[in-house]
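Quick notes on the structure that follows.
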Amino acid sequence: MDFFLDTGIISEIEQAAKWGFVDGVTTNPSLIAQTGRSQKDVITDICKIIDGPISAEVISTEREAMIKEGAALAELHDNVVIKLPLTEDGISACKWFSDNDIRTNVTLCFSANQALLAAKNGATYISPFLGRLDDVGQDGMQLIHEIRAIYDNYGFTTQVLAASIRHSIHVKDCALAGADVATMPLKVMKQLFKHPLTDIGLNQFLADHAKSNK
Ligand code: E4P
């Protein structure tokens, strides 16, 4: 299972990169806006830190403009993956990128049928937003299970990239569901380390060691 960091903030990416298990980064227009910098500058800097798939999302909403914008983003670095919204134009542009050997991440997926369309057009990744489904009273994790089963039924190679992850239980449940990737904010990645018994146990070991050395 790959772990991606879901942020455009360079200091967060530098911090997580030191842990050694970050496989890639996802961004979206909201995350880029939070940085106050241009997407081009942010993506270029991320590519210097993480040697893995870096998702950069198009702003255009029409197929031809998406293709032009995405092709320019792909020129920034070999690791750039073009993120496209799950619309008629986005799915159509996805096919163009697949046919031209440019990797894609189809985003804003909220149903298994949407995921099926992305797979049929050769998307590299599909991003089901499980937290946003939970927010509206639907079961986000159920969607991950459904997409996994459908892709396995037909041997689709599109990777299930669980997105909109809000806490560490989401990460564990995505792993149990067989998601290929989980993208998460730094806060959630930090939660993965934590267990109170680890802290209590370490404090006890250090205290006993200090006593024995007196
Ligand atoms: C993933 O690609 C998205 O950028 C992200 O996971 C959305 O998360 P949110 O619902 O917390 O904004």
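Every number for a ligand or one of its atoms is a count from 1 in the order of the listing. All values below come from the heavy atoms of this structure, side chains included, with hydrogens, waters and symmetry mates left out. Since the model is a prediction, treat every value here as computed from it, not as a measurement.
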(request) Would you please say whether a donor-acceptor pair under 3.5 Å links the side chains of T26 and S55? (result) no

(request) Take every heavy atom of K83, measure it against each atom of ligand 1, and state whether any distance is under 4.0 Å. (result) yes

(message) Distance under 4.0 Å to a non-hydrogen atom of N28: what atoms of ligand 1 satisfy this?
(response) 3 (C), 4 (O)

(request) State whether a side-chain donor-acceptor pair under 3.5 Å links Q138 with D134. (result) no

(message) So T158 and Y125, do their side chains get closer than 4.5 Å, heavy atoms only?
(response) no

(message) Within ligand 1, which atoms have a heavy atom of A163 less than 4.0 Å away?
(response) 1 (C), 6 (O)

(message) Could you tell me, atom by atom, which parts of ligand 1 come under 4.0 Å of a heavy atom of R132?
(response) 7 (C), 9 (P), 10 (O), 12 (O)

(request) Taking atom CD of E62 as the centre, report whether more than 12 heavy atoms of other residues, nucleotides or ligands fall under 6.0 Å from it. (result) no

(request) Note the single closest protein heavy atom to atom 5 (C) of ligand 1, along with its residue, its atom name and the distance in Å. (result) D6 OD2, 2.8 Å

(message) Check contact between R166 and ligand 1, using heavy atoms of the residue and a distance below 4.0 angstrom.
(response) yes

(request) Looking only at protein heavy atoms, identify the closest one to atom 8 (O) of ligand 1 and say how far it is in Å. (result) S164 CA, 3.4 Å

(message) Does any N or O of ligand 1 fall below 3.5 Å from an N or O anywhere on N105, backbone included?
(response) no

(message) Could you check whether K48 pairs with D45 (Lys NZ or Arg NE/NH1/NH2 to Asp/Glu carboxylate O, under 4.0 Å)?
(response) yes

(request) Could you label the plane-to-plane angle of the H170 and H167 rings as parallel, tilted or perpendicular, counting under 30° as parallel and over 60° as perpendicular? (result) parallel

